[in-house]
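Naming convention: chains lettered A, B, ... in sequence-line order (proteins, then strands); numbering from 1 in each chain. Just the heavy atoms: all of them, side chains too, but no hydrogens, waters or symmetry mates, feed the values below.
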Number of protein chains: 2
Amino acid sequence: MRIGELANRTGVPTRMLRYYEEQGLITPLRLENGYRDYDEYLVERVLKIRRLLDSGVPTRIIRDMLPCLNDIGSTIVADPDPELRAMLVDQRDKLAERIVLLQQNRDALTRYIDAMDHA
Amino acid sequence: MRIGELANRTGVPTRMLRYYEEQGLITPLRLENGYRDYDEYLVERVLKIRRLLDSGVPTRIIRDMLPCLNDIGSTIVADPDPELRAMLVDQRDKLAERIVLLQQNRDALTRYIDAMDHA
DNA sequence: TCGAACATTGACATCCATGTAAAGGTCAAA
DNA sequence: TTTGACCTTTACATGGATGTCAATGTTCGA
């Protein structure tokens, strides 16, 4: 599909789709006329990118993570590079930290709301 | 305490402490000579701000949340404004969404790492 | 064949969180 | 009294994600 359709289906502006490409997050084919040609599976990938960005994960990190977050739960290990593994562990641990923190804040908000309701 | 000490104790550069003030996140007193005078309790608050920023929560949101995330678990409901309540609920739900998303990505990474280890 | 809808690249603009520097005031200690 | 450490405000710079626009090419339907 072309960029406009992908933009419609994902809600991600064409500007951003080109940006993601520039950042190496997606690599559409090209039609003979130079138009980008997006494969069906990229719909899911773009949505995943959006959710990650919305969660505060920068494109650089997303780029590193993407090959591992395979859409289908296929978990195809292409390359058991120990350096890659270390990076992934590191990244996961950072995620875990953020999760704990956000949970704490979520709970604090909930407590506060509850306290409001009992007043 | 003055800005330098607070910076030392929190690891947050003075530049950022002034920025947080500009954004309405902290409001130090002033000494007669114009120096900022930070209360002891602001140490915790600054650390909290840092953690939130590191989790991708923008200053604007932090500003709204801060009065509710009281350092001491005191939960003093100053103002049972229904509009404030709605904003807090909304904010909490957004947090919850992010948490779920991050958990998913964390789990996906973990699965991938495990798969690497079994290869 | 012409116009509308859609592509392309490239550039410039903006917001946010930061770094950094300039020009100057305060204060304590040598 | 001067030096050095610390503070002030102001400003300009940067990097990342995004908006917007200009100039141009492609395709398709009236």
Whole angstrom is fine here: how far is it from CZ in A/Arg30 over to C1' in D/dG25? 13 Å
Could you give the start and end, 5' to 3', of the contact zone on DNA chain C for chain B, using atoms under 4.0 Å from its heavy atoms? C/dC16 to C/dC27
Is any side-chain N or O of A/Tyr19 under 3.5 Å from a base N or O of D/dG16, one able to act as donor and the other as acceptor? no
OP1, OP2 of D/dA17 versus side-chain N and O of A/Thr59: anything below 4.0 Å? yes
May I ask you to test the A/Arg36-A/Leu29 pair for a side-chain heavy-atom distance under 4.5 Å? no
A/Leu53 CG to D/dT18 C1', in whole Å, measures 11 Å
Judged by atom type as modelled, is there a donor-acceptor pair below 3.5 Å linking the side chain of B/Arg2 to the main-chain atoms of B/Tyr38? no
B/Ile99 versus A/Arg106: any side-chain heavy-atom pair under 4.5 Å? yes
Does D/dC6 have OP1 or OP2 under 4.0 Å away from a side-chain N or O of B/Arg2? no
Got a salt bridge between B/Arg9 and B/Glu5, using NZ or NE/NH1/NH2 to carboxylate O under 4.0 Å? yes
B/Arg85 side chain near A/Asp117 side chain, heavy-atom distance below 4.5 Å: yes
Measure from the side-chain N and O atoms of A/Asp37 to the backbone N and O of A/Arg30, and report whether any donor-acceptor pair falls under 3.5 Å. no
Below 4.0 angstrom, which residues in residues 93-103 of chain A have at least one non-hydrogen atom near DNA chain D? none
Answer yes if the side chains of B/Arg50 and B/Tyr20 hold a donor-acceptor pair under 3.5 Å, and no otherwise. yes
Between D/dA17 atom C1' and A/Leu25 atom CG, what is the distance in whole Å? 12 Å
Does D/dT27 have its OP1 or OP2 closer than 4.0 Å to a side-chain nitrogen or oxygen of A/Asn33? yes
Separation of B/Glu22 atom CD from D/dT9 atom C1', in whole Å? 11 Å
For A/Arg15 and for A/Tyr35, locate the closest nucleotide of DNA chain C by heavy-atom distance; then report the residue assigned to the nucleotide nearer the 5' terminus. A/Tyr35
Quick one: B/Glu5 CD to D/dC6 C1', roughly how many Å, whole number? 13 Å
Do the side chain of B/Arg18 and the base of D/dT8 come within less than 3.5 angstrom through a donor-acceptor pair of N or O atoms? no
What distance do A/Asn105 atom CG and B/Arg98 atom CZ have between them, rounded to the nearest 0.5 Å? 11.0 Å
Spacing of B/Arg36 atom CZ relative to D/dC6 atom C1', expressed in whole Å: 13 Å
Distance (rounded to the nearest 0.5 Å) between A/Leu42 CG and A/Glu21 CD: 10.0 Å
